[in-house]
Amino acid sequence: MPELPEVETTRRGLLPHTQHRAIVDIVVRQPRLRWPVPANLAVLAGGQTLVGLERRGKYLLFRLTRGTIIIHLGMSGSLRILDSAAPAGIHDHVDIVLDSGQCIRLRDPRRFGAVLWAGPDEPDHPLLASLGIEPLTPEFDGDCMYRLSRERKNSIKALLMDSHHIVGVGNIYANEALFHAGIHPTLAAGKLSRPRCHRLALAIRDTLDKAIAAGGSSLRDFVGSDGMPGYFQQQYFVYARADLACRVCGQPIRLLRQNQRATFYCPQCQKK
DNA sequence: ACATCTACCTGGAGGC
DNA sequence: TGCCTCCAGGTAGATG
């Protein structure tokens, strides 16, 4: 599942193959993603040069000479660099064809992803306007976490996963970061002490940094191969480990449901 | 302003 | 083997 680390790894993998390349065509085989892929995308972007590739939360921003292609991977999306003549599979919905003879190919079996356009006069798409803080920037620290959590009655886990406050943290890394910070996922956000906010901010940053590092080293066949890029297998401490022994204390990991999402935690290591 | 719920989609797992 | 049901996930938009 693409969360911030997977999207960032994708960005870094694509960068050397896309920078300063011109777009010669955009092939849309399936326009029905989360929102319809703009019908005139090839006209809007064709002939332009890719001058930058940025990430905002889980959105990838392909900056062109005039305008931006915005791609979100949803929960099953992946991007790869392939020879543009490579046969497309059933879930290969969009190709951005480059003047190198290669293409950026979007595969997304569940079609929760999105391919959108922002014109040169609208540097930010409305979708990006209400996003929260980037957890890997210097501005995100314990003080920030403290400020964000004040007066909030919902759980700290729900707050971490709310992109209006903090971007990039999905279910997997919310579970993992709370484990590393020793915080019980159902604790009301507003009850977190200042020291625990500092601990949590560090845990979020550290968890994401380590996942990006793991992705960079294991995502070897980003280019060329016809298989999925294979989002790196991480050694999780709690995620998807219900009833298994905690890697730290040996207690069985517990599973509960919060806001229709699976929450995993260690009853010994994580306290209210 | 905040909190909670629903919809979107499909592959894979488990039950019968 | 095949059919059915359920689940996973991100997040905008609706609802409370």
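To find a chain, count down the sequence lines: A is the first, B the second, and so on, and within it residues start at 1. Values reported hereafter were calculated over all heavy atoms of this structure, with side chains retained and with hydrogens, waters and symmetry mates removed.
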Nucleotide B:dC9, atom C1' - distance to CG of A:Asp108 in whole Å: 9 Å
Check this one for me: any side-chain N or O of A:His91 less than 4.0 Å away from OP1 or OP2 of B:dC9? no
Between CZ of A:Phe112 and P of C:dG13 the distance, given in whole Å, is 15 Å
Considering residues at least two apart in sequence or located in another chain, which fulfil the side chain to side chain donor-acceptor pair (under 3.5 Å) criterion with A:Glu8? A:Arg11, A:Arg12, A:Arg55
Counting only heavy atoms and a strict 4.0 angstrom limit, can you tell me which residues of residues 159-171 of chain A come near DNA chain B? none
Which whole-number value in Å describes the distance from A:Arg257 CZ to B:dC5 P? 13 Å
Measure from CG on A:Leu116 to P on C:dA12 and round the result to the nearest Å. 11 Å
Using a cut-off of strictly less than 4.0 Å, decide whether A:Lys153 has a side-chain nitrogen or oxygen near OP1 or OP2 of B:dA3. no
A:Arg29: which of A:Asp92, A:Asp108, A:Asp95 passes salt bridge (charged side-chain N to carboxylate O under 4.0 Å, His left out): A:Asp95
CG/A:Leu79 to CG/A:Leu82 distance, rounded to the nearest 0.5 angstrom? 10.5 Å
Can you tell me if the side-chain N/O atoms of A:His72 get under 4.0 Å from OP1 or OP2 in C:dT11? yes
Which is true for A:Arg261 with a 4.0 Å heavy-atom rule: it touches a base, it touches only sugar-phosphate, or it touches nothing? base
Check this for me: does any side-chain nitrogen of one of A:Asp206 and A:Lys210 sit under 4.0 Å from a carboxylate oxygen of the other? yes
Classify A:Arg111 by what it touches in the nucleic acid, base, sugar-phosphate, or nothing, heavy-atom distance under 4.0 Å. sugar-phosphate
Of A:Gln260 and A:Arg152, the one whose closest DNA chain B nucleotide lies more 5': A:Arg152
Within the 4.5 Å heavy-atom criterion, are A:Thr263 and A:Leu178 side-chain neighbours or not? no
Would A:Arg241 pass as a cation-pi partner of A:Phe264, given that its NZ or CZ must be under 6.0 Å from the six-membered ring centre and within 45 degrees of the axis? no
Please determine whether a side-chain nitrogen or oxygen atom of A:Tyr173 lies at a distance below 4.0 Å from atom OP1 or OP2 of C:dG10. no
Send over the distance from A:Leu73 CG to C:dT11 P, rounded to a whole Å. 10 Å
Send over the distance from A:His125 NE2 to C:dT11 C1', rounded to a whole Å. 14 Å
May I ask you to decide if the ring planes of A:His184 and A:Tyr265 are parallel, tilted or perpendicular, using 30° and 60° as cut-offs? tilted
Integer-rounded Å distance: C:dT11 P and A:Arg56 CZ: 12 Å
Atom CG of A:Asn259 and atom P of C:dG10: how far apart are they, to the nearest Å? 13 Å
For DNA chain C, whose closest nucleotide is more 5', that of A:Leu131 or that of A:Arg110? A:Arg110
